[in-house]
S.K.: 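I'd like to ask you about the structure that follows.
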Amino acid sequence: MLKFKGTISLADGWARIEIDISDPQENAEGDFCCLVYAPPILKKRTKIFGVDENQARQLSIKFIDDLVDQRTLCDLKGQLVKVSDLL
């Protein structure tokens, strides 16, 4: 669903970041989840659940936005971006 490569500001300088949010998948219980991965700020794949595909997507974006918080995020060309701009 969403793939982004760029750089992010951290306490000890700048680091490369790859944000990967999968398309929502339905599980056996009828819920939907997206797999979210964003090293170095999220080092393991994390499932974000929603009651439907749309909510799973929205909560995944919100989760990444909360992780980025007040850090500076740039694309590979050095242009400032916001998580909401990645949609």
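These values consider heavy atoms only, across backbone and side chains, with no hydrogens, waters or symmetry-generated copies. Bear in mind the structure is a predicted one, so any value in this text is a computation, not a measurement.
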S.K.: I'd like to know if Val81 and Leu10 are part of one continuous hydrophobic network [Ile/Leu/Val/Met/Phe/Trp/Tyr, side-chain heavy atoms within less than 4.5 Å].
M.R.: yes

S.K.: Any side-chain to backbone donor/acceptor pair from Thr72 onto Ser9? Under 3.5 Å, distance only.
M.R.: no

S.K.: What's the shortest heavy-atom distance between Leu86 and Leu2, and which atoms?
M.R.: O-CD1, 3.2 Å

S.K.: Working to the nearest 0.5 angstrom, can you tell me the gap between Glu53 CD and Phe32 CZ?
M.R.: 4.5 Å

S.K.: List in chain and number order the residues that pass side chain to side chain donor-acceptor pair (under 3.5 Å) with Asp12, two or more places apart in sequence or in another chain; answer none if no residue qualifies.
M.R.: none

S.K.: To the nearest 0.5 Å, what is the distance between CG (Asp75) and OG1 (Thr7)?
M.R.: 8.0 Å

S.K.: Any chance you could measure Arg16, atom CZ, to Cys74, atom SG, to the nearest 0.5 Å?
M.R.: 12.5 Å

S.K.: Supply the atom-to-atom distance Gln55 CD to Cys34 SG, rounded to the nearest 0.5 angstrom.
M.R.: 10.5 Å

S.K.: Once rounded to the nearest 0.5 Å, what's the spacing between atom CG of Leu73 and atom CD1 of Ile41?
M.R.: 8.0 Å

S.K.: For a 4.5 angstrom cut-off between non-hydrogen side-chain atoms, does Lys47 reach Leu35?
M.R.: yes

S.K.: Check each of Leu59, Leu67, Asp66 against Phe63 using the side-chain contact (heavy atoms from CB on, under 4.5 Å) test, and report the only one that passes.
M.R.: Leu67

S.K.: Do the side chains of Phe49 and Ile64 join up, straight or via other hydrophobic residues, at under 4.5 Å, putting them in one cluster?
M.R.: no

S.K.: Rounded to the nearest 0.5 Å, what's the gap from CD1 on Ile48 to CZ on Arg57? Could you check?
M.R.: 14.5 Å

S.K.: If you look at every heavy atom in Leu76 and Lys5, which pair is closest and at what distance?
M.R.: CG-O, 3.5 Å

S.K.: If we ignore hydrogens and angles and just use 3.5 Å, is the side chain of Thr46 paired with the main-chain N or O of Lys44 as donor and acceptor?
M.R.: yes

S.K.: Please give me the minimum heavy-atom distance between Tyr37 and Leu42, naming the atom from each residue.
M.R.: CD1-O, 3.9 Å

